[in-house]
Participant: 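Would you mind keeping the following structure in view while I ask a few things?
Just so you know, these numbers come straight off a predicted model, no measurement behind them. FYI, side chains are in, hydrogens and waters are out, and symmetry mates aren't considered; it's all heavy atoms of this structure. Within every chain, numbering begins at 1; the chains are lettered A, B, ... in the order of the sequence lines, protein sequences first and strands thereafter.
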2 protein chains.
Amino acid sequence: MEEQLNQHPYDLDEETLFLVSQTFKALSDPTRIRILNLLFHKEHSVNEIAEALELRQSTVSHQLRFLKNLRLVKYRREGTSLFYSYDDEHVMHMLKQTIEHSKHS
Amino acid sequence: MEEQLNQHPYDLDEETLFLVSQTFKALSDPTRIRILNLLFHKEHSVNEIAEALELRQSTVSHQLRFLKNLRLVKYRREGTSLFYSYDDEHVMHMLKQTIEHSKHS
DNA sequence: TTCATATATGAATATATAATCATATATATA
DNA sequence: TATATATATGATTATATATTCATATATGAA
């Protein structure tokens, strides 16, 4: 028997609410935005990202794990390096649009 | 003389970064998502929102202030009631798309 | 196997944030 | 003016989150 906590006609069910909030939360942090913005152009290794954005390696790694869990990025291995690239066209499109929107405001 | 803190070619300037992160932060909280989702259909007073979503009046008021500061909602007065409606088509479009996207995943 | 390099992970900490309570403010009406 | 109703606000608290340091793990080369 399914739980039905949301009986109001114009309210969202919990699962949808969680997914939507998580997606936008991924895009709500400046560091994650900068990382994804870097990945627009091409894939980058963890160290490349850290150097380009002047961030600690562990900071980048933690944030990449966050993005990976939401399937917003993926990676391929090359030796000891992991090259990350984006993995969600819809989210990247939203990000790009909002960046353009913000630049002109 | 303008400050130039971001010398890296593929990085974003601070102002854009702040605007983008704030916009997505507005959409990253379940309560704010539910409020905006309610406003898709029509304007609502603060109490109507609180009742429909089973939230405290002060919770709704605080969140509406947050959304108002970002110009995502506006209001009109009618007696002692304030009727809130959305005020940013771009953001509402993103929200709707992401909700639909999440419902089907 | 040993060493070097790249990345991931866990714990700790500082900060941000959402919800709540109590109360203030504003408007309308008697 | 006095009262009722609707909303806003400030302080508090609990929770979530980002960053950092120290260290573990994994891969490749010598």
Participant: Hey, does the side chain of A/Ser102 reach the backbone of A/Thr98 with a donor-acceptor pair shorter than 3.5 angstrom?
Facilitator: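 A pair under 3.5 Å: yes.
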Participant: So which protein N/O to nucleotides 2-6 of chain C N/O distances come out below 3.5 Å?
Facilitator:
| from | atom 1 | to | atom 2 | distance (Å) |
| --- | --- | --- | --- | --- |
| C/dA6 | O4' | A/Thr80 | OG1 | 3.3 |
| C/dA6 | O3' | A/Thr80 | O | 3.4 |
| C/dA6 | O3' | A/Ser81 | OG | 3.3 |

Participant: Measure from the side-chain N and O atoms of B/Ser61 to the backbone N and O of B/Gln57, and report whether any donor-acceptor pair falls under 3.5 Å.
Facilitator: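 Not at all, since once roles are kept as given, no pair shorter than 3.5 Å links the two residues.
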Participant: Output all residues satisfying side chain to side chain contact (heavy atoms under 4.5 Å, CB included) with A/Thr80, sequence neighbours left out; order by chain, then residue number.
Facilitator: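 For A/Thr80 there are no side chain to side chain contact (heavy atoms under 4.5 Å, CB included) partners, ignoring immediate neighbours.
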Participant: Note down the inter-axis angle between the two ends of the helix from C/dT1-D/dA30 to C/dA30-D/dT1, five pairs each, to the nearest 10°.
Facilitator: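 About 20° separates the two local helix axes.
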Participant: Take atom CZ of B/Phe83 and atom P of D/dA6, then tell me their distance rounded to the nearest Å.
Facilitator: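 In whole Å, D/dA6 P lies 10 Å from B/Phe83 CZ.
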Participant: For B/Leu55 and D/dA6, give me the distance from atom CG to atom P, rounded to whole Å.
Facilitator: 17 Å
Participant: Does A/Arg71 have any side chain to side chain contact (heavy atoms under 4.5 Å, CB included) partners at least two apart in sequence or in another chain, and if so, which?
Facilitator: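 None.
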Participant: How long is the span from the OG atom in A/Ser21 to the CG atom in B/Asp29, to the nearest 0.5 Å?
Facilitator: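 That separation rounds to 8.0 Å.
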Participant: Let me know the distance between CZ of B/Arg56 and C1' of D/dT7, rounded to the nearest Å.
Facilitator: 16 Å
Participant: Going by the rule ring pair (Phe, Tyr, Trp, His ring centres under 6.0 Å), which residues pair with A/Phe18 if we only count those two or more places apart in sequence or in a different chain?
Facilitator: none
Participant: Return the set of residues passing side chain to side chain donor-acceptor pair (under 3.5 Å) with B/Arg65 (not counting sequence neighbours), or none when no residue passes.
Facilitator: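 With neighbours one apart ignored, the set is B/His62.
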Participant: Hey, does A/Tyr84 reach any base, or is it just sugar-phosphate, or nothing, if we go heavy atoms under 4.0 Å?
Facilitator: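 Result for A/Tyr84 = sugar-phosphate.
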Participant: Output all residues satisfying side chain to side chain donor-acceptor pair (under 3.5 Å) with A/Glu48, sequence neighbours left out; order by chain, then residue number.
Facilitator: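 In terms of side chain to side chain donor-acceptor pair (under 3.5 Å), with neighbours along the sequence ignored, A/Glu48 is linked to A/His44.
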Participant: Quick one: is the NZ or CZ of B/Lys25 closer than 6.0 Å to the six-membered ring centre of A/Phe24, and within 45° of its axis?
Facilitator: no
Participant: When you check every protein heavy atom under 4.0 Å of nucleotides 10-15 of chain C, what one-letter string (B, S, -) results, 5' to 3'?
Facilitator: B-----
Participant: Rounding to a whole Å, what distance do you find between A/Phe18:CZ and D/dA16:C1'?
Facilitator: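 Distance check: A/Phe18 CZ to D/dA16 C1' gives 13 Å.
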Participant: Rounded to whole Å, how long is the line connecting atom CD of B/Glu78 with atom P of D/dT7?
Facilitator: 11 Å
Participant: For the pair made of CZ in A/Arg77 and P in D/dG28, what is the distance, rounded to whole Å?
Facilitator: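 Atom CZ in A/Arg77 sits about 7 Å away from atom P in D/dG28.
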Participant: Does A/Thr59 use its side chain to pair, donor to acceptor, with the backbone of A/Leu55 at less than 3.5 Å?
Facilitator: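 Between the backbone of A/Leu55 and the side chain of A/Thr59 there is no qualifying donor-acceptor contact (under 3.5 Å).
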Participant: Does anything in residues 67-86 of chain A form a ring pair (Phe, Tyr, Trp, His ring centres under 6.0 Å)? List the pairs, not counting sequence neighbours.
Facilitator: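 Listed once each, the pairs are A/Tyr75-A/Tyr84.
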Participant: N/O contacts under 3.5 Å, protein versus nucleotides 16-18 of chain C?
Facilitator:
| from | atom 1 | to | atom 2 | distance (Å) |
| --- | --- | --- | --- | --- |
| C/dT17 | OP1 | B/Lys25 | NZ | 2.6 |
| C/dA18 | OP1 | B/Arg32 | NH1 | 2.9 |
| C/dA18 | OP1 | B/Arg32 | NH2 | 2.6 |
| C/dA18 | OP2 | B/Arg32 | NH1 | 3.4 |

Participant: Roughly how many Å is it from CG in A/Leu67 to C1' in C/dT7, rounded to a whole number?
Facilitator: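 Rounded to whole Å, this separation is 16 Å.
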Participant: Rounded to the nearest Å, what distance is computed from the NZ atom of residue B/Lys68 to the C1' atom of nucleotide D/dT9?
Facilitator: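 Rounding to the nearest Å, NZ of B/Lys68 and C1' of D/dT9 are 16 Å apart.
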Participant: Taking B/Ala26's backbone N and O only, do any of them form a donor-acceptor pair with B/Arg32's side chain (distance below 3.5 Å, no angle check)?
Facilitator: yes
Participant: For B/Gln57 and for A/Gln57, locate the closest nucleotide of DNA chain D by heavy-atom distance; then report the residue assigned to the nucleotide nearer the 5' terminus.
Facilitator: B/Gln57
Participant: Just to verify, what does A/Thr16 make a side chain to side chain donor-acceptor pair (under 3.5 Å) with, not counting sequence neighbours?
Facilitator: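 Side chain to side chain donor-acceptor pair (under 3.5 Å) list for A/Thr16, sorted by chain: A/Asp13.
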Participant: Report the residues that fulfil side chain to side chain donor-acceptor pair (under 3.5 Å) with A/Arg76, sequence neighbours left out, ordered by chain and then residue number.
Facilitator: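 Only A/Glu43, A/Glu78 meet the side chain to side chain donor-acceptor pair (under 3.5 Å) criterion with A/Arg76.
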